[in-house]
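Structure, as structure tokens:
As the structure is a prediction and not an experimental result, all values here were calculated from the model.
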Amino acid sequence: MEGDCLSCMKYLMFLFNFFIFLGGACLLGLGIWVIVDPTGFREIVAANPLLFTGAYIMLAMGAMLFLLGFLGCCGAIRENKCLLLFFFMFILLIFLAELSAAILAFIFRENLTREFFTKELKKHYQRNNDTDVFSATWNSVMITFACCGVNGPEDFEAIPHLPYSSLEKATATPEACCQRELQSREGMFVNKEACLSGNERFQNRQGCYTVILNSLETYVYLAGALAIGVLAIELFAMIFAMCLFRGIQ
């Protein structure tokens, strides 16, 4: 009876580690996609040090889970106590790190409000100055998502001391808010002169906050559900690892 229980535990351990292996592969693939994606995220990630660091942390976490899932599968099938103990300690560290990150994200969630982004935009945005990281990132976001400002073009009316071109004197709307045939920096403008002279027909009027929130809403819930699932799998994997460790003679 004890042998049957140990055998069942071994295969359950293998199954949970296989899911960890798949989760690591997904994170690894997502991290690579964010960094090399040609539709705009690559520019945004490269221009923003925080996003750049986050993308590589995602890559590192994915690679670590990928490796640990593989080692856990090997440890369970071969019934290697040293490998199982090594696996348990690393999964525990990852579990605690992920839990800490989730708590910090909840605590600092007020930094992702509409008011926060509006305040930062009005304080730091420098229109077409691509040498400024903040401005270049915002321009990439507005071009990629076909949006303007946080709430709309009116956000730029209160920004003082911006370097206007001769075309932009009639309106505060920056060039990045003008409609394009293709939503990328290489995309041709529908009518740049009319846009910069104040013709709303050729401007992107919707704010980026609403556009991005609507675009990412489904993925946010999916990411949350995936994170909860990964934490639960890691917890069960640690329990089975310790039970299998104690059961091996």
Open item on the list: Check the SG atoms of Cys208 against those of Cys147: under 2.5 Å or not?
Closed with: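 Cys147 pairs with Cys208 as a disulfide (SG atoms under 2.5 Å apart), so yes.
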TODO: Give yes when the SG atoms of Cys195 and Cys178 are nearer than 2.5 Å, otherwise give no.
DONE: yes
A side-chain contact here means heavy atoms from C-beta on lying under 4.5 Å apart; do [X] and [Y] qualify?
X	Y	result
Cys177	Met142	yes
Arg201	Asn191	no
Pro153	Cys148	yes
Leu27	Leu59	no
Phe202	Lys192	no
Glu120	Phe134	yes
Ile143	Arg180	yes

For [X], does the [atom1] atom sit with more than 12 other heavy atoms under 6.0 Å from it, leaving out its own atoms?
X	atom1	answer
Met242	CE	yes
Phe18	CZ	no
Phe90	CZ	no

Spell out, yes or no, whether [X] and [Y] are grouped together once hydrophobic residues are joined by side-chain heavy atoms under 4.5 Å, including indirect joins.
X	Y	answer
Val150	Phe116	yes
Leu93	Phe95	no
Phe189	Val141	no

- [ ] Give a yes or no answer on whether the side chain of Gln179 reaches the backbone of Asn204 with a donor-acceptor pair at less than 3.5 Å.
- [x] no
TODO: Go through the structure and list residues passing side-chain contact (heavy atoms from CB on, under 4.5 Å) with Met64, not counting sequence neighbours.
DONE: Leu68, Ile94
Task: Parallel, tilted or perpendicular: ring planes of Phe117 versus Trp138, cut at 30 and 60 degrees - done: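 Perpendicular, since the angle between the ring planes exceeds 60°.
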Once you round to the nearest 0.5 Å, how far does [atom1] of [X] lie from [atom2] of [Y]?
X	Y	atom1	atom2	result
Gln206	Phe145	CD	CZ	12.5 Å
Leu28	Leu67	CG	CG	11.0 Å
Asp155	Tyr209	CG	OH	13.0 Å
Cys26	Phe66	SG	CZ	11.0 Å

Open item on the list: Suppose we screen for salt bridge (Lys or Arg N to Asp or Glu O under 4.0 Å). Which residues come up paired with Glu200, at least two apart in sequence or across chains?
Closed with: Arg205
Task: No-hydrogen, no-angle side-chain donor-acceptor test under 3.5 Å, Thr118 and Asn151 - done: yes
TODO: Classify the side-chain pair Asn139/Tyr125 by whether it contains a donor and acceptor separated by less than 3.5 Å.
DONE: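 On atom types as modelled, these side chains qualify, holding a pair under 3.5 Å.
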Task: Minimal non-hydrogen separation, Glu181 against Val190, with atom names - done: N-CG2, 4.2 Å
